[in-house]
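On a predicted model such as this, the values are computed, not experimentally measured, just so you know.
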Amino acid sequence: MNIENTKAQMRKGVLEYCILSILESEDQYASEILDTLKDAKMLVVEGTIYPLLTRLKNAGLLTYRWEESTSGPPRKYYALTEDGTNFLKELDTTWDELRKAVNLVTRSKSTNNE
């Protein structure tokens, strides 16, 4: 089994949650979202994020607007919709529960091995 594949699957599993969380505080365009993810060591490429942003928009969780740029073509800024904000709140709760459960399981495993 390849550890890199497992790591990639774990990151993919939380990518939607991370994107929605990034957009919670301010509207951003795709390059800014990518930079934030990369700064957090979430290894994501453009080919992954654009279809995901489209899927989130089609699900009614995001909206976007075009804004002129002083350094190139207009930029598409993404923002959470009201449904997106509510969905994010649910994910926050689920993530907290999952994190606690994983911590319990992995801590008990390391305690039992000592």
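To the nearest 0.5 angstrom, L20 atom CG is 9.5 Å from I33 atom CD1. Rounded to the nearest 0.5 angstrom, K7 NZ and N2 CG are separated by 9.5 Å. Expressed to the nearest 0.5 Å, how far CD of E26 lies from CG of L80 amounts to 11.5 Å. Rounded to the nearest 0.5 Å, atoms CG (D96) and CZ (R99) are 4.5 Å apart. For the atom pair CG of L61 and CD of E16, the computed distance is 8.0 Å after rounding to the nearest 0.5 Å. Distance check, rounded to the nearest 0.5 Å: CG of L53 to CD of E46 gives 11.0 Å.
Y78 and V45 fall into different hydrophobic clusters, where Ile, Leu, Val, Met, Phe, Trp and Tyr side chains are chained together by heavy-atom contacts under 4.5 Å. M10 and V102 fall into different hydrophobic clusters, where Ile, Leu, Val, Met, Phe, Trp and Tyr are joined by side-chain heavy atoms under 4.5 Å apart, directly or via other members.
A pairwise comparison of heavy atoms in P73 and S69 identifies O-CB, 3.3 Å as the closest pair. Here the closest heavy-atom approach between residue G60 and residue D83 is recorded as O-CB, 3.7 Å. Between E67 and R65, the shortest heavy-atom contact is OE1-NH2, 2.8 Å. The heavy-atom pair separating L37 from C18 by the smallest distance is CD2-CB, 3.8 Å.
Residue K76 places its NZ atom among more than 12 non-hydrogen atoms of other residues, nucleotides or ligands, all under 6.0 Å distant.
For the pair N86/E82, a side-chain contact is recorded, criterion being any heavy-atom separation below 4.5 Å from C-beta on. No side-chain heavy atom of T63 sits under 4.5 Å from any side-chain heavy atom of K57. The closest side-chain heavy-atom distance from K38 to V44 is not below 4.5 Å. Proximity of L23 to L88: side-chain heavy atoms (C-beta onward) are nowhere separated by under 4.5 Å. Using a 4.5 Å heavy-atom cutoff, the side chains of I19 and L56 are in contact.
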| said: Would T94 and Y17 count as a side-chain contact (heavy atoms from CB on, under 4.5 Å) here? Give the steps. | reply: CA-CA 10 Å; T94 301; Y17 179 46; over 6 Å; no

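Ionic pairing of E97 and K100 is not present here: no N-O contact between side-chain nitrogen and carboxylate oxygen is shorter than 4.0 angstrom. Under the 4.0 Å criterion applied to side-chain N and carboxylate O atoms, D92 and K89 are not assigned as salt-bridge partners.
A donor-acceptor pair is defined here as one N or O able to donate and one able to accept, closer than 3.5 Å; such a pair exists between the side chain of T54 and the backbone of Y50.
Note: Y77 and Y29 have perpendicular aromatic rings, judged against thresholds of 30 and 60 degrees for the angle between ring planes.
Using modelled atom types and a 3.5 Å distance limit, the side chains of D27 and Y64 yield no donor-acceptor pair.
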